[in-house]
Amino acid sequence: MVCRSGHENDPVERMRHSAAHVMADAVQQLFPTAKVTIGPVIENGFYYDFDYPAGFTPDDLVIIETRMRDIVAADTPFERREVTKAEAAKLFRAKGEQYKLEILDGIPDPVVSLYRHGQFTDLCKGPHVERTGKIGPFKLLKVAGAYWRGDSKNKMLQRIYGTAFASQAALDQYLRRLEEAKERDHRKIGQALDLFSFHPIAPGAPFFHPKGTVVYNLLVEYIRDLYQSYGYTEVITPLLYKTELWKTSGHYEAFREDMFLLRQEEEEYGLKPMNCPGHCYLFGQRKHSYRELPVRFADFGRLHRLEPSGTLLGLTRVRSMAQDDAHIFCTPEQVDAELAQFIAMTREVYAVFGFANIEVTLQTRPEKFLGPLKLWEAAEAALRRGVEQAGFTVTELPGEGAFYGPKIGFDVRDVLDRSWTLATVQIDCAMPDRFGLRYVAKDGREATPAMLHRVVLGSIERFLGILLEQTAGKLPVWLAPVQIMVLPMSDALVPMGEAVLASLRATGLRAAVDARNEKLGAKIREAQLQKVPYMLILGQKELAGNVVAVRSGTAGDLGQMPLEGFIDRVTREVRERQ
RNA sequence: GCCAGCGUAGCUCAGUGGUAGAGCAGCGGUUUCGUAAACCGCAGGCCGGUGGUUCGAUCCCACUCGCUGGCUCCA
């Protein structure tokens, strides 16, 4: 077993690691042709990859789990043994475990350690629990395909995921948390709140329903407001270009397989997968002085990417999307200030949405890249400086940058703990030169501008998905598609409801009346399920007193107040984006 | 794209080699109600698609489309 380091002292992780060995043992007892490969501890559990082309069914998992319980019940000791690589190789060759031999080949040390329990021996650094009986309550969770060594050119193995905890209560709690997470899945919320849907007729391309469109447009509107104060100018650029555009940018070479291409009048066209090359053309339309830099082109244009079918996932991975995209053309001296401004804007936005757990990554030069090395080094240094000065802890991901420049990513996790990049900023080391962009510097000479790519929300689609999960569908008042539901107690109160509705709408609030012939409880329940922030209950008492009874979706009954007072309260909350 | 699983009414889900069911939603009535579900009735389906096996397929098989969980990828 290849083991991740850093878990040695955590008793739970040690136990999970041992559970992975026991699982491999059980699998080989039950499926003798299965070959073992690797099986590390991961966050919240463990997995083990087997070469077993027939694959495992969910029923197999039950059988494997049962056999694991037998092994745990047998309470056999884990024994560590150090042997030379040659000895280890002899052992695994005899067992026909070619993957272990391959792993051995990659180990530089002359001596390796083996761990044995019962008849099962694995190559492993350890450590393990003393005896199989020390493994706490465990559960196998799912089977999945996984490439050997994580390379899609290699054979696909069968991965079994499992987890183990110190106590049954802890395991149950974890499993319960997984169940609860499914309830917050943005796909489920989107359906329940009638925000968006998908249809096989357009895989990976969401239909935004009226309510979803309200939210979508409010997000865009919010960013537009910020553009005013941050000095951006919005542009509209073509959706369809001759592919020559991406031959110039370098995207064609790198991504042509992932583009929607079409042929018209002997010419190849493509739907744009990103805005940057178009913005380069726009910038190059006329001569620019250093005095007008930075130029910040913002573009909410729709983008299409032929994402592999198996990767599509609700709103978080789509084929059709828009970004709060912008490209900044500036002098090299202005880059630091632009980075600082971008980070400030990102901070401002994420504070509004309450995104607290942001993971910041620096993705550096990949193997295949365009542009001079010197520019890359300077760009990476500038990015690192920028985020560190802003006080972020940065995780470096070597070689993960775009082909044209290094990248900072601001990642958040979805409800199932999958990590998604929202904001990014990239310094372009290639495109300004490839598109021949110039500006006239102070000394009268022409110079190549620096170019930054940046998004704050990222794709609006993805952002909305993550936001729905973070809020469990309870969008803040300023974003809620229906902010106020007016609930007349009976038909007799409907006219008052209509009047109240008119007043609310006149102030720009998004409201509706539930005039159905239903009891109040049913109307409240419906509004609660629809996550409407406020309900106005109108009965005879309210009619007589010329007031409304306010119920908050989160805080419950707030008592009676004059309609004007309520309107003031809500409009303030909307203004302050609460 | 790769591995595996799943596709039954708008939604959530039962079900069987012999003409397909429930709850909710919808529609029609009754009821006119005080902070999370009133009552009665009606309607609703090429059981994802195509082909095959069979006297007969929603059910078994093959292919295909889509979704889900992973893996790879992510400008």
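A note on names: the letters A, B, ... follow the listed sequences, proteins ahead of strands, and every chain is numbered from 1. Remember, predicted model here, so these are calculated numbers, not experimental data.
With both pairing distances under 3.5 Å, B/rA62 is matched to B/rU50 as a Watson-Crick or G-U wobble pair. Base pairing analysis places B/rG21 opposite B/rC13; the two distances defining the Watson-Crick or G-U wobble pair are each below 3.5 Å. With a cut-off of 3.5 Å on both pairing distances, the Watson-Crick or G-U wobble partner of B/rC2 is B/rG70. The partner of B/rG45, taking Watson-Crick or G-U wobble pairs whose two distances both stay under 3.5 Å, does not exist in any strand shown. Base pairing of B/rA57 is not made with any nucleotide, judged by Watson-Crick or G-U wobble geometry with both donor-acceptor distances under 3.5 Å. Across every strand in view, B/rU30 sits in a pair with B/rA38 that passes the Watson-Crick or G-U test at under 3.5 angstrom.
A salt bridge is absent between A/Glu461 and A/Arg319; no separation between the charged side-chain nitrogens and carboxylate oxygens falls under 4.0 Å. A salt bridge does not link A/Glu180 to A/Arg177: none of the charged side-chain nitrogens sits closer than 4.0 Å to a carboxylate oxygen.
Separating the P atom of B/rU16 from that of B/rU58 is a span of 16 Å, rounded to the nearest Å. Comparing B/rA57 with B/rC47, their P atoms are spaced 12 Å from each other, to the whole Å. When the P atom is compared between B/rA37 and B/rU50, the two are found 44 Å apart, to the nearest whole Å. Annotation: B/rC61 and B/rG18 have their P atoms spaced 16 Å apart (nearest Å). The C1' atoms of B/rG17 and B/rC11 are separated by 30 Å, rounded to the nearest whole Å.
Screening residues 532-541 of chain A for side-chain hydrogen bond (donor to acceptor under 3.5 Å, both in side chains), with sequence neighbours left out, gives A/Tyr534-A/Arg569, A/Tyr534-A/Glu573. A ring pair (Phe, Tyr, Trp, His ring centres under 6.0 Å) check over residues 139-164 of chain A, counting only residues at least two apart or in different chains, returns the pairs A/Tyr47-A/Tyr161, A/Tyr99-A/Trp148.
Within a 6.0 Å sphere centred on CD1 of A/Ile201, heavy atoms belonging to other residues, nucleotides or ligands number 12 at most. Within 6.0 Å of the NZ atom in A/Lys211, the count of heavy atoms belonging to other residues, nucleotides or ligands exceeds 12. Other residues, nucleotides and ligands contribute only 12 or fewer heavy atoms inside 6.0 Å of the CG atom of A/Asn546.
Residue A/Arg317 places a side-chain atom within donor-acceptor reach of the base of B/rC74, judged by atom type and a 3.5 Å distance cut-off alone. If you check distances only, the side chain of A/Gln158 never reaches the base of B/rG70 with a donor-acceptor pair under 3.5 Å.
The CD-P distance, from A/Gln191 to B/rA9, rounds to 12 Å in whole Å. Rounded to whole Å, the distance from CG on A/Asp417 to P on B/rG69 is 14 Å. When the P atom of B/rC74 is taken as reference, atom CG of A/Leu397 falls 12 Å away, rounded to whole Å. For the pair A/Met259 CE and B/rA75 C1', the interatomic distance rounds to 10 Å; values are reported in whole Å. If you take OH of A/Tyr47 and P of B/rA4, they are 19 Å apart, rounded to a whole angstrom. To the nearest angstrom, P of B/rG7 lies 22 Å from CD1 of A/Ile201.
Every residue meeting the side-chain hydrogen bond (donor to acceptor under 3.5 Å, both in side chains) condition with A/Thr361, not counting sequence neighbours, appears here in chain and number order: A/Gln363. For the salt bridge (Lys or Arg N to Asp or Glu O under 4.0 Å) test, residues two or more places apart in sequence or in another chain that qualify with A/Asp417 are A/Arg413.
Listed by residue number, A/His251, A/Phe255 are the residues of residues 235-257 of chain A with a heavy-atom contact under 4.0 Å to RNA chain B. Non-hydrogen atoms lying under 4.0 Å from RNA chain B are contributed by A/Ile537, A/Gly539, all within residues 530-539 of chain A.
Across all strands shown, A/Asp151 has no heavy atoms under 4.0 Å from either base or sugar-phosphate atoms. Contacts of A/Ala144 with the nucleic acid, taken as non-hydrogen atoms under 4.0 Å apart, include base atoms. Within 4.0 Å (heavy atoms only), A/Leu312 reaches sugar-phosphate atoms of the nucleic acid but no base atom. In this structure, A/Lys407 reaches the sugar-phosphate backbone alone: every heavy-atom distance under 4.0 Å involves primed, P, OP1 or OP2 atoms, never a base. If you check every strand for non-hydrogen atoms under 4.0 Å, A/Leu313 touches sugar and phosphate atoms only.
There is a side-chain donor-acceptor pair under 3.5 Å between A/Thr237 and A/Lys272.
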### Task
Please assess A/Glu102 against A/Arg149 for the test salt bridge (Lys or Arg N to Asp or Glu O under 4.0 Å), listing each intermediate value before the final yes or no.
CA-CA 11 Å; A/Glu102 216 177 306; A/Arg149 299 213 146 148; 3.5 Å; yes
